[in-house]
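This report refers to the structure that appears directly beneath it.
A note on names: the letters A, B, ... follow the listed sequences, proteins ahead of strands, and every chain is numbered from 1. None of the values given here were measured: they were computed from a predicted structure.
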Amino acid sequence: MANAKKITELLLKKYPHPRIALNFTNPFELLIATILSAQCTDVKVNVVTEKLFKKYKTPEDFANADAKTLEHAISSITYYKNKARMIIECSKKLIKDFHGKVPQTMEELLTLHGVGRKTANVILGNAFGKQAIPVDTHVLRISNRLGIAHSNNPEKVEQELMMQIPNDKWTSFSLALILHGRETCTAKNPKCGKCILYEECEWPEKR
DNA sequence: AACTCGGGGCA
DNA sequence: TGCCCAGAGTT
């Protein structure tokens, strides 16, 4: 088993305050932005949400939105038709079951349309300061390459990582690993020669 | 478990 | 032109 603590240390040394561009402190805005961010670049989401949140501010605004109008407003985002429906349904559910407030538990978050385990963990970690490890495709891929995880099941990897990484660093670890995945440990043609984790990495295919 | 959604930016 | 992008819902 690779040394997860050492890996975390090296990652957070390179990315001391890891932040992707989705920098919302408002839980509801972060929720909408995170749903929009699936399979899409954060930069693109930022461009869209900057305008979007001037027109739609509350769950009521989204719940009562005209679907076509909302689709048009986010049409530069990946899967925009699905996501327009998702955030409308999600907002209705928020109003119906949670008084329009974003809930703060995994179980409750997972009842919201468009919110899966990864998105729920983003909200818990980044909006509510709870200890959570969002496992996206980057975290999944790299954790397995490094040898700190041994599964293609995100929830299982989440459990594996939680056992090895200090809990106060879970959220920043996830963010740092995503940045590392974009810049260095890419899905195809990874830049192993420039990798700060080369010595720790147990990936048989590392070059 | 496999399939679907899906447009723009960039090499 | 081809490749890639903070996944989730449906079948």
Lys/Arg N to Asp/Glu carboxylate O, Arg117(A) vs Glu158(A), below 4.0 Å: yes

With respect to Leu31(A), which candidate in Leu36(A), Leu94(A), Val122(A) satisfies the side chain to side chain contact (heavy atoms under 4.5 Å, CB included) definition? Leu94(A)

Base, sugar-phosphate, or nothing: which does Thr186(A) touch, judged by heavy atoms less than 4.0 Å apart? nothing

Within the 4.0 Å heavy-atom criterion, would you say Asp42(A) contacts the bases, only the backbone, or no part of the nucleic acid? sugar-phosphate

Between Phe62(A) and Tyr56(A), how do the two ring planes meet: parallel, tilted or perpendicular, split at 30° and 60°? parallel

For dG9(B) and dA8(C), measure between their P atoms and round to the nearest Å. 25 Å

To the nearest angstrom, how far is Ile35(A) atom CD1 from dA8(C) atom C1'? 10 Å

Tell me: OH of Tyr80(A) to P of dG6(B), nearest whole Å? 6 Å

Residues two or more places apart in sequence or in another chain: which of them pass ring pair (Phe, Tyr, Trp, His ring centres under 6.0 Å) with Tyr79(A)? none

Heteroatom pairs (N/O) under 3.5 angstrom, protein to nucleotides 8-11 of chain B:
unit_1, atom_1, unit_2, atom_2, d
dG8(B), O4', Lys44(A), NZ, 3.4

Nearest-neighbour nucleotide for the Thr119(A) side chain, dC5(C), dG9(C), dA8(C) considered: dA8(C)

Measure the distance from CG on Leu140(A) to C1' on dC5(C) and round it to the nearest whole Å. 16 Å

Any side-chain donor-acceptor pair under 3.5 Å between Glu108(A) and Thr111(A)? no

To the nearest angstrom, the NZ-P distance between Lys83(A) and dA8(C) comes to 10 Å

Spacing of His138(A) atom NE2 relative to dC4(C) atom P, expressed in whole Å: 12 Å

Write down the distance separating the C1' atoms in dG8(B) and dG9(C), rounded off to the nearest Å. 24 Å

Atom-to-atom span, OH of Tyr79(A) to P of dG7(B) - whole angstrom: 11 Å

Taking only N and O in the side chain of Thr137(A), is any of them less than 4.0 Å away from OP1 or OP2 of dC5(C)? no

Is there a path of hydrophobic side-chain contacts, each under 4.5 Å between heavy atoms of I/L/V/M/F/W/Y residues, joining Leu11(A) to Met162(A)? yes

dC5(C) P sits how many Å from Asp136(A) CG, rounded? 10 Å

Using whole Å, report how far NZ of Lys188(A) lies from P of dG2(C). 13 Å

Over all strands shown, is Thr34(A) touching base, sugar-phosphate only, or nothing at heavy-atom distances under 4.0 angstrom? nothing

Taking the six-membered ring of Tyr198(A), is the NZ or CZ of Lys206(A) close enough (under 6.0 Å from the centre) and on axis enough (within 45°)? yes

For Val115(A), answer base if it contacts any base atom (sugar-phosphate contacts may also be present), sugar-phosphate if it contacts only those atoms, and nothing otherwise; contact means non-hydrogen atoms under 4.0 Å. sugar-phosphate

With sugar-phosphate meaning primed atoms plus P, OP1 and OP2, does Leu175(A) contact a base, only sugar-phosphate, or nothing at under 4.0 Å between heavy atoms? base

